[in-house]
Amino acid sequence: MAISDILIRGIYRIDLFCKVVCGKFALSERMKERASLESTINKARLFICSLNDIFLFKCMTERDGDLIDCFRMATEYELNWGAVLDEAVEQSVRGRGTWITWVTDRMEELDERGVNIPVLNKMIALSDELMNRRAKETEERDPDI
């Protein structure tokens, strides 16, 4: 996952990444704008990503705890699904790899568990577009595959 560090205190765990998560998903300017200032210590400022962006980050993993977190965020809070989709599109346009397929799979799993994901069809379309593009690129490189 290309983690810079893991901090654990009791039952709490923080995975630290430097600029890019799992080598694929970058902290965008829009994410920085949506983040909220949590505290300031001396000259250091700690920002917390918005729930919309945390939802996307957690959708990238296969950890059961992250699935539970995604379920809770999607059912107990009012996520801005437009912001979730916009960020997915922005990250996808940047060509950050197959992460969008992981996120879409996770959203489909949440949908199967009864969570309403209003942008699911658009996410599936983005994921399918990426997979079709990758298949075409592979076929062009080696038509015998």
Side-chain angles (χ1 to χ4, degrees), residues 1-138 140-141:
M1 287 188 13
I3 295 176
S4 298
D5 203 352
I6 298 173
L7 306 173
I8 299 173
R9 179 177 284 172
I11 62 169
Y12 299 101
R13 171 185 163 145
I14 297 174
D15 297 338
L16 293 178
F17 297 89
C18 184
K19 297 187 183 183
V20 178
V21 177
C22 299
K24 306 290 182 198
F25 197 82
L27 188 65
S28 70
E29 288 304 315
R30 285 193 213 169
M31 287 178 152
K32 292 176 189 177
E33 291 168 8
R34 285 190 293 268
S36 59
L37 180 63
E38 184 66 21
S39 68
T40 301
I41 302 169
N42 297 325
K43 293 183 180 183
R45 297 181 300 159
L46 173 67
F47 287 85
I48 303 294
C49 288
S50 74
L51 278 179
N52 308 309
D53 298 324
I54 292 170
F55 178 83
L56 278 173
F57 284 126
K58 287 185 169 282
C59 277
M60 289 178 43
T61 75
E62 294 182 348
R63 292 187 301 226
D64 291 336
D66 284 337
L67 177 62
I68 292 166
D69 291 343
C70 288
F71 184 90
R72 289 187 61 215
M73 282 186 268
T75 58
E76 296 178 16
Y77 300 95
E78 287 189 35
L79 294 179
N80 180 337
W81 293 107
V84 170
L85 180 63
D86 288 347
E87 190 60 44
V89 168
E90 180 177 330
Q91 296 280 338
S92 182
V93 167
R94 288 180 172 177
R96 294 267 181 215
T98 58
W99 71 270
I100 196 158
T101 62
W102 306 336
V103 171
T104 302
D105 287 348
R106 183 64 83 163
M107 288 182 176
E108 288 179 305
E109 193 173 346
L110 290 167
D111 180 66
E112 290 168 5
R113 294 175 184 227
V115 177
N116 179 31
I117 310 283
V119 297
L120 182 57
N121 289 336
K122 291 180 181 175
M123 290 294 297
I124 291 169
L126 284 171
S127 181
D128 288 349
E129 180 183 316
L130 172 73
M131 295 308 289
N132 290 334
R133 188 171 61 241
R134 290 284 169 90
K136 184 178 179 181
E137 290 168 359
T138 301
E140 288 171 355
R141 279 193 313 268

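Values reported hereafter were calculated over all heavy atoms of this structure, with side chains retained and with hydrogens, waters and symmetry mates removed.
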Within the supplied structure, the quantity of interest is the number of heavy atoms (other residues, nucleotides, ligands) at a distance under 6.0 Å from [X] [atom1]; does it exceed 12?
X: E78; atom1: CD; answer: no
X: L7; atom1: CG; answer: yes
X: F47; atom1: CZ; answer: yes
X: E62; atom1: CD; answer: no

4.5 Å side-chain heavy-atom contact, [X] and [Y]:
X: L130; Y: T101; answer: yes
X: L56; Y: V103; answer: yes
X: S28; Y: D53; answer: no
X: N52; Y: E87; answer: no
X: L67; Y: R113; answer: yes
X: L85; Y: L126; answer: yes
X: M107; Y: T104; answer: no
X: F55; Y: R106; answer: no

Mind listing the closest non-hydrogen atom pair of [X] and [Y] along with its distance?
X: C49; Y: I54; answer: O-CD1, 3.3 Å
X: A74; Y: L79; answer: CA-CD1, 3.9 Å
X: M31; Y: F57; answer: CE-CZ, 3.8 Å

Checklist line | Basic-acidic side-chain contact under 4.0 Å: E29, K32 | finding: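 Salt bridge flag = yes for K32 with E29.
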Next item on the list: Please round to the nearest 0.5 Å and tell me the distance separating atom CG of D64 and atom CG of D69.
Entry: 11.0 Å
Check: So how far is it from D111 CG to N116 CG, rounded to the nearest 0.5 Å?
Finding: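 Going from CG on D111 over to CG on N116, the span is 8.0 Å.
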Notebook entry, point to check: Looking only at atom types and distance, does a side-chain atom of N42 sit under 3.5 Å from a main-chain N or O of A44, one as donor and one as acceptor?
Noted result: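 No.
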